[in-house]
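Atoms within a ligand are numbered from 1 in the order they appear, just like the ligands themselves. This one's a predicted model, so the numbers in the text were calculated from it and none came from an experiment. All heavy atoms count here, side chains included; hydrogens, waters and symmetry mates do not.
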Amino acid sequence: MRVKTVATRPIEGQQPGTSGLRKKVAVFREPGYLENFVQSVFDVLPGLAGSTLVLGGDGRFFNDRAIQIILRMAAANGVGRMIVGRDGLLSTPAASELIRSRGAFGGLILSASHNPGGPDGDFGIKYNIGNGGPAPEAVTAAVHQRTLAIDRWLTLEDDVDVDLGRVGATTLGAMTIEIVDPVASYARLMQRLFDFDRLRALLARPGFRICFDAMHAITGPYATEILERQLGAPTGSVINARPLPDFGGGHPDPNPVWATELLARMNGADAPDFGAASDGDGDRNMIVGARFIVTPSDSLAVLAANATLVPGYAAGLKGVARSMPTSAAVDRVAQALGIPCHETPTGWKFFGNLLDAGLCTLCGEESAGTGSDHVREKDGLWAVLFWLNLLAVRGESVEAIVRAHWRRFGRNVYSRHDYEAVDAAVAQQIVAGLRAELPALPGRSAAGLAVSRADDFAYTDPVDGSISRGQGLRVFFADGSRLVLRLSGTGTEGATLRLYLERYEPDPARHGIDAQAALQPLIDAAEALTALRARTGRAAPDVIT
Ligand code: G1P
Ligand code: ZN
């Protein structure tokens, strides 16, 4: 097959955000948009020729077209072997696992995570490096630089599509394409980490029921294979299991706002014992007990505190890590265990170096992301299996485990308020306004709360020394509570402002308190400091998690 060189010009707006390049499908379908970005990735990777890459996506609208375009471009750029999930499907954690277990050079993952799909929805692409994790900032910056100068991309003369429906090997030009079962290798890793015999026994206990909501996204086939087929959960334990290009019209975002079907079941009188959901690409998780939601920050802390009950972590944890806006619940566990706790900027890419260097074993984010050193992405189904393994060993309910945790460590009452599709200029002004105020805040009070400290979070990577500044505005108060304000890096419409609120409650008598009520003084302080609601004209946040 012959290589074709197509002349092109830089296209605006190809700067990767918190997790890759994410835009409306219509933008990705503009001539040259996907091609420019993919070629820019190929252009900045030294050693691409003859290498092995992993390719797959969450199956959303345009996944199939994008895969064919990328395959032809990869062949034209001299990639040696492309490992592709059957039908172009791979969950993000499974892609990470494949890159690692196959010793691949890297991989391309197609997803816009939890953002809606379909022709009017979102699409995304990101490049992961050989450790299986998202490319570090140096790489994404180089890719962006390249998009500003690109003048051609390479593809094949022939516009043939590759049949990706059957597992096996085929060729495209000089490139080998290996089509793999998207679940098999990942499932084997889960079998090594968790006690599958014990999980089978738990799921066979009379009356014990689970409900996993795949939200018509990528984890459907994974959860069906692992929970139902391998672990024996009754058929129907996985709901919305069939991946759909538009996720059935919903937001595949596992939180109380969007996972309504799961929550309706879990809040009912006849609720299953355990409920969970994952997102579009399978890296996020929500854990729910009967009439009880576990916040992601608490979930991370509970997993850390109980990790030695699970085979894969029986030897203990080297350390833990959390993103800055995530609550400090896990910090208290780390302190009790005598292990380090690292605080990183938002985005999974910052955990990669820590995991590679053996500085932490578990890590997580308040945005429903939890993971460990088993891959280099957060992993929804892994968190579900971890929780089930804890339930099996402890023989207690989800709620009982969390309440016992609070009694031991105290409760970090926590909430995130999102203001979505805000006028970008207004959002920038709100952030810039508070940033300018920061130095003057200590000693002042806001809505009756005394400020003790305020800063713009900067992170120095302990492994490579790189510094990331401007990662979120933090205001600490004299009573130990904290608020954080930052701009989302994953939104595709206007700007999304995220306000994170946290207050420590040591008193067990007050652990049952409603989080929003407990955080009201902080919510008032945030408004006093930013006038966020007044300036956006919003009476309340769009999403509260
Ligand atoms: C959001 C989450 C962040 C997560 C990212 C990718 O990014 O807040 O924790 O890593 O999605 O799933 P944001 O939109 O806040 O930049
Ligand atoms: Zn995701």
Arg65 to Phe123, cation-pi by 6.0 Å centre distance and 45° axis angle: no

Ionic contact status for Lys23 with Glu30, cut-off 4.0 Å: no

Minimum heavy-atom distance between His114 and Asp279, given as atom pair plus value: N-OD2, 3.8 Å

Salt bridge Asp122-Arg60, side-chain N to carboxylate O under 4.0 Å: no

4.0 Å heavy-atom contact, Gly347 with ligand 1: yes

The Zn ion (ligand 2) - name of the N/O/S atom of Asp281 that sits closest to it: OD1

Protein residue, atom and distance nearest to atom 8 (O) of ligand 1, heavy-atom basis: Arg416 NH1, 3.6 Å

Tyr500 and Arg482: side chain donor to acceptor below 3.5 Å: no

Identity and separation of the nearest protein heavy atom to atom 7 (O) of ligand 1: Thr490 CG2, 3.5 Å

Location of contacts on Ser367 toward ligand 1, heavy atoms closer than 4.0 Å: side chain

Residue Asp283 atom name (nearest to the Zn ion (ligand 2); N/O/S): OD1

From CA spacing to verdict: side chain to side chain contact (heavy atoms under 4.5 Å, CB included), Leu388, Ile210: CA-CA 9 Å; Leu388 286 171; Ile210 67 169; 4.0 Å; yes

Part of Met324 within contact of ligand 1 (heavy atoms, under 4.0 Å): neither

Identity and separation of the nearest protein heavy atom to atom 11 (O) of ligand 1: Arg284 NH2, 3.0 Å

Geometric N/O contact Arg486 with ligand 1, under 3.5 angstrom: yes

Check: Leu487 N/O within less than 3.5 Å of ligand 1 N/O: no

The Zn ion (ligand 2) reached by Ser111 (N, O or S, under 2.8 Å): no

Contact check: Arg498 vs ligand 1, nitrogen or oxygen atoms, below 3.5 angstrom: yes

Atom name, Asp279 (N, O or S, nearest to the Zn ion (ligand 2)): OD2

Short N/O/S contact of Asp58 with the Zn ion (ligand 2) (below 2.8 Å): no

Spatial distance of atom CG (Asn255) from atom OG (Ser367) [nearest 0.5 Å]: 10.5 Å

Element-labelled atoms of ligand 1 that are located less than 4.0 Å from some non-hydrogen atom of Thr346: 3 (C), 8 (O), 9 (O)

Top protein contact for atom 10 (O) of ligand 1, by heavy-atom distance: Glu365 OE1, 2.7 Å

Nearest neighbour in protein (non-hydrogen) for atom 12 (O) of ligand 1: Lys378 NZ, 2.9 Å

